[in-house]
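The structure appears right after this line, and notes come after that.
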Amino acid sequence: MRLRNKKWAQPWLENHTDLVIDQDHAVALKGNWQTIFAKKQPIQIEIGTGKGQFIIGMAKKYPEINFIGMEIQEAAIAVAGRKADEDEAELPNLKFIYGDGAGVDTYFEKGEISKLFLNFSDPWPKNRHETRRLTYKRFLKSYQAVLPAGGEIEFKTDNRGLFEYSLYSFANYGIVFEPASISLNLHEDADKMVDNVETEYEEKFSSKGFPIYKFVGSFK
Ligand SMILES: C[S@@+](CC[C@H](N)C(=O)[O-])C[C@H]1O[C@@H](n2cnc3c(N)ncnc32)[C@H](O)[C@@H]1O
């Protein structure tokens, strides 16, 4: 997803550095993320948060967890941040990082994050772009570096090719597959939908009748 540049984005981000943290500040916070939240509680992150619908929904639903949405595109992170800022709910358990998911291990210490979400990541279907996929082994290595042993990764997509590739990538990396952790049509699975928080892409594709694939696994 490429959003058009937005003139207001850069000045807005400069005025909201307490909510949307830039890469330099994120590196400086390594090991001390609890200090910027109102309450000391587990931190979960989404990489590629887009316009923020999922992470804002999670922050509302689970006030006992701190959430961070990470996004590489300026226009998208500004839309997400502004949406959270203008929401009628106070969300002291939500922050954003304007940064690259590849650098996640430069922002967090091992165990500082308890769970990681990847939602509708860009599929990069050409073989020569494999290294850009957020489920490529280089990314998995950096996720493992910030999660505790047994830390979970949750992945949703509408893209069957990316899903198949990612299952191989997870298995090759040694991510543990729990029983019943794979869904090939999430929205037809009432049990798994109970706790589901929809993303923008999920809403768009599921409303057109496309199946949504979901994987939950954990690092050793
Ligand atoms: C297809 S959109 C999905 C947005 C949202 N998660 C959803 O499900 O509606 C993928 C998002 O991932 C972001 N992204 C891609 N590579 C990234 C990276 N290396 N680090 C952080 N964000 C990234 C893109 O800029 C884009 O906003």
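Computed from a predicted structure; not experimentally measured. Counting starts at 1 for both ligands and their atoms, in listed order.
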Of all the atoms in ligand 1, which lie at a distance below 4.0 Å from a heavy atom belonging to L134?
18 (C), 19 (N)
Please identify which atoms of ligand 1 are closer than 4.0 Å to at least one heavy atom of F120.
1 (C), 2 (S), 3 (C), 8 (O), 10 (C)
Give the atoms of ligand 1, by number and element, whose distance to some non-hydrogen atom of E200 is under 4.0 Å.
9 (O)
Ligand 1 to G101, heavy atom cutoff 4.0 Å, flagged ligand atoms 18 (C), 19 (N), 20 (N), 21 (C)
Would you call E152-K115 a salt bridge at under 4.0 Å N-O?
yes
Cluster overlap L162 with L167, hydrophobic side-chain contacts below 4.5 Å:
yes
Aromatic plane relationship, F139 with Y143 - under 30° parallel, 30 to 60° tilted, over 60° perpendicular
tilted
How long is the span from the CZ atom in F205 to the OG1 atom in T157, to the nearest 0.5 Å?
8.5 Å
Under a 4.0 Å heavy-atom limit, does Q53 contact ligand 1 with its side chain, its backbone, both, or neither?
neither
Going through the distances and angles, do R160 and Y213 end up as a side chain to side chain contact (heavy atoms under 4.5 Å, CB included)?
CA-CA 7 Å; R160 185 173 166 155; Y213 305 93; 3.6 Å; yes
Under 4.0 Å to a heavy atom of G99 - the qualifying atoms of ligand 1, by number:
20 (N), 21 (C)
Under 4.0 Å, heavy atoms only, figure out whether ligand 1 is touched by the backbone of L3, its side chain, both or neither.
neither
Short list, please: which atoms of ligand 1 are under 4.0 Å from a heavy atom of N119?
3 (C), 5 (C), 6 (N), 8 (O)
How about E202 and N196: does a side-chain donor come under 3.5 Å of a side-chain acceptor?
yes
Pair F170 and F215, ring centroids less than 6.0 Å apart
yes
Between A102 and ligand 1, does any nitrogen or oxygen pair lie at a separation below 3.5 Å?
no
For E46, the ligand 1 atoms whose distance to one of its heavy atoms is below 4.0 Å
6 (N)
Backbone or side-chain N or O of Y201 under 3.5 Å from ligand 1 N or O
yes
If only side-chain N and O atoms count, and only distance matters, is there a donor-acceptor pair under 3.5 Å linking Y98 with Q73?
no
Is the shortest side-chain N to carboxylate O distance from K60 to D87 below 4.0 Å?
yes
Could you list which atoms of ligand 1 come closer than 4.0 Å to a heavy atom of T199?
7 (C), 8 (O), 9 (O)
Under 3.5 Å between any N/O of D100 and any N/O of ligand 1: does that happen in this structure?
yes
Between E200 and K204, is the closest basic N to carboxylate O distance under 4.0 Å?
no
Could you tell me if any non-hydrogen atom of E202 lies under 4.0 Å from any atom of ligand 1?
no
For ligand 1, find out whether one of its N or O atoms is nearer than 3.5 Å to an N or O atom of G48.
yes
